[in-house]
2 protein chains.
Amino acid sequence: MGTEKLNTEIRQDQIVQMALSLVASHGLKELSMARIARKVGLVPSAIYRHFKSKDEVLDAVLDYIQRRLLDNVAIVCNETSESIDRLRRLLTYHIKLIRENQGIFRVVFSDELYSGHPERKNKVYEIITKYLGKVSEIIGQGQREGKICIDTDPITISLMFLSIIQQAAILWHVSNEKFDITKHTERVWKIFNESLITK
Amino acid sequence: MGTEKLNTEIRQDQIVQMALSLVASHGLKELSMARIARKVGLVPSAIYRHFKSKDEVLDAVLDYIQRRLLDNVAIVCNETSESIDRLRRLLTYHIKLIRENQGIFRVVFSDELYSGHPERKNKVYEIITKYLGKVSEIIGQGQREGKICIDTDPITISLMFLSIIQQAAILWHVSNEKFDITKHTERVWKIFNESLITK
DNA sequence: TTCCTATGTGAATTGATATTCACTATACAT
DNA sequence: ATGTATAGTGAATATCAATTCACATAGGAA
């Protein structure tokens with residue numbers, strides 16, 4: 001009825017946001033076009049004015065996630081040029097991203113998203129490797145500067161680095177937010193610091 | 001028609017196995033009672049002779065996963081009494097379990113499994129913490145024996161330990177098995193060895 | 001103001017899936 | 001051998017989700 005008419009770009013943004021928010025609160029399984037529509041304030045069929053299919057919506061959500069992750073890298077690189085500092089800050093931003101937007105990780109690590117969709121599975125792989133690539137650039141920089149020990153390759157270190165946060169995030173999520181992710185991160189950083197950073 | 005009649009215990013086992021195998025090959029989303037039935041060699045309604053609902057099937061799958069994980073701990077504890085050795089072997093068994101039974105991890109870390117099921121989410125949490133508990137016992141033993149440095153608590157170390165394998169498993173899975181999980185594990189073990197094990 | 005197009009609506013379609021039930025057949029105990 | 005409890009069948013039901021389409025309308029361009 002008296003529903004405001006907004007152009008596709010705005011609606012697409014809203015749809016992605018609402019989709020992500022629904023995933024955060026109820027998981028991917030419960031994500032339906034009808035629910036998204038209701039949350040946006042539209043009727044289900046209206047979504048199809050802005051996306052050809054549910055698959056397209058999911059792809060857009062993935063694009064958004066990728067952007068958020070890579071933005072974090074850009075932000076820390078702007079804030080400081082010191083490699084260890086960059087890593088430390090990235091850790092903080094990553095945790096913050098997880099806490100504020102649980103949906104992101106329910107999506108990225110739910111195989112429901114890409115089972116039966118080779119292209120999408122590939123996209124997820126791409127997101128992870130791109131992010132890892134950026135992190136390992138920072139680590140490589142640190143190694144060249146003599147701040148990080150060079151007997152392990154940057155990719156392995158960056159994967160270790162992210163693994164630990166990621167898994168903590170899963171535990172945090174599964175424990176209904178009881179697991180203290182911040183404290184865990186601090187302890188891990190300490191070990192990380194002592195074992196990889198040249199003194 | 002000429003379908004053999006087997007007793008409930010056998011059928012329940014078959015159903016759990018086939019369910020897990022389907023999850024491994026097609027993901028949780030594609031897991032339907034009909035598919036399970038076909039794979040077992042039954043008609044869909046027959047499943048209900050052995051499980052009250054699909055939820056019960058999923059619970060049984062979770063029980064099986066828990067058993068497999070804890071079995072691994074028992075096995076390594078039987079094989080050797082040396083803490084570092086136990087950890088090293090557990091790592092190997094864990095990777096083997098992942099490789100041979102990809103379904104296990106598609107299940108444990110798919111929130112689709114427990115979204116909207118607080119009890120099941122709790123069960124997943126329980127599985128993880130129980131396993132972590134066992135691992136940290138081994139680590140605690142190593143610390144008491146002076147083999148593992150004591151400035152970090154066992155739980156943090158065990159979580160780090162498992163995080164790294166787990167995440168590697170995800171990457172392995174998302175990359176369509178291209179990522180070399182064994183090599184990665186070796187490198188990680190090396191770092192682990194150098195930073196946590198007292199020389 | 002008047003069109004025209006992009007956007008929104010509601011009903012209908014299609015397809016999948018969990019679950020139930022009345023019925024049948026098998027294996028095992030007697 | 002026979003009967004009974006247990007396991008298997010196939011059809012039916014109910015629900016739910018994605019998608020389509022004919023129709024309605026808002027809002028900017030003319």
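In the text below, chain A, chain B and the rest are named by the order of the sequence lines, each starting its count at 1.
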#### Entry: Length of the line joining A/Arg11:CZ and C/dT9:C1', which is rounded to integer Å
13 Å
### Message
What's B/Ile10 touching, base or sugar-phosphate or nothing? Going by heavy atoms closer than 4.0 Å.
### Response
nothing
### Task
Could you tell me whether B/Ile47 contacts a base, only the sugar-phosphate backbone, or nothing, with contacts defined as non-hydrogen atoms closer than 4.0 Å?
nothing
If you restrict it to nitrogen or oxygen atoms, what contacts under 3.5 Å exist between nucleotides 28-30 of chain D and the protein, and what is each distance?
none

### Query
Quick one: is B/Thr8 getting a side-chain N or O under 4.0 Å of the D/dA7 phosphate, OP1 or OP2?
yes
### Query
Taking NZ from B/Lys54 and C1' from C/dT20, how many angstroms apart are they, rounded to a whole number?
17 Å
### Message
Just to be sure I understand the rule, does B/Ser45 reach a base, reach only the sugar-phosphate, or reach nothing, if contact means heavy atoms closer than 4.0 Å?
### Response
base
### Message
Under 3.5 Å, is there a donor on one side chain and an acceptor on the other for A/Glu137 and A/Gln141?
### Response
no
### Task
Could you tell me the separation between the CG atom of B/Leu28 and the C1' atom of C/dT17, rounded to a whole number of Å?
14 Å
## Note on the structure
B/Arg49 CZ to C/dT24 P, in whole Å, measures 14 Å
### Task
Indicate whether OP1 or OP2 belonging to D/dA17 is found under 4.0 Å from a side-chain N or O atom of A/Arg35.
yes
### Message
What is the distance, to the nearest angstrom, from the CZ atom on A/Phe51 to the C1' atom on C/dA6?
### Response
16 Å
### Query
Between C/dT9, D/dT19, C/dA18, which one does the side chain of A/Ser53 approach most closely?
D/dT19
### Task
Starting at atom CG of A/Leu42, determine the distance to atom P of C/dA6, rounded to an integer number of angstrom.
18 Å
### Task
Please list, chain by chain and in numerical order, all residues satisfying side chain to side chain contact (heavy atoms under 4.5 Å, CB included) with B/Lys190, sequence neighbours excluded.
A/Asp151, B/Glu194
### Whether A/Arg120 side chain and A/Leu113 backbone form a donor-acceptor pair below 3.5 Å
yes
### Summary
Applying side chain to side chain contact (heavy atoms under 4.5 Å, CB included) to B/Glu112 and not counting sequence neighbours gives A/Lys29, A/Glu112, B/Leu28, B/Lys29, B/Ser110
### Query
What's the CE-C1' distance between A/Met33 and C/dT13, to the nearest Å?
16 Å
### Test log, rule ring pair (Phe, Tyr, Trp, His ring centres under 6.0 Å), inputs A/His173 and B/Tyr125
CA-CA 9 Å; A/His173 174 221; B/Tyr125 184 49; over 10 Å; no
### Query
Starting at the 5' end of DNA chain C, which residue's closest nucleotide do you reach first, B/Lys5 or B/Leu31?
B/Leu31
### Query
How close or far is atom P of C/dA22 from atom OH of B/Tyr48, stated in whole angstroms?
17 Å
## Note on the structure
Regarding the side chain of B/Val43, the nearest nucleotide among D/dG8, D/dA7, D/dT9 is D/dT9
### Query
Looking at C/dT17, C/dT9, D/dA18, which one has an atom nearest to any side-chain atom of B/Ser32?
C/dT17
### Task
Any pair with a residue in residues 161-181 of chain A that passes salt bridge (charged side-chain N to carboxylate O under 4.0 Å, His left out), sequence neighbours left out, goes on the list, sorted by first then second residue, please.
none
### Message
Checking one residue: A/Leu6. Which other hydrophobic residues are in its cluster under the side-chain 4.5 Å linking rule?
### Response
A/Ile10
### Message
With a cut-off of less than 4.0 Å, is there a side-chain N or O of B/Thr3 near OP1 or OP2 of C/dA25?
### Response
no
### Query
Among pairs that include at least one residue of residues 31-50 of chain A, which meet salt bridge (charged side-chain N to carboxylate O under 4.0 Å, His left out), considering only residues two or more places apart or in two chains?
A/Glu30-A/Arg35
### Message
Is the phosphate of C/dA6 approached by A/His50 (side-chain N or O, under 4.0 Å from OP1 or OP2)?
### Response
no
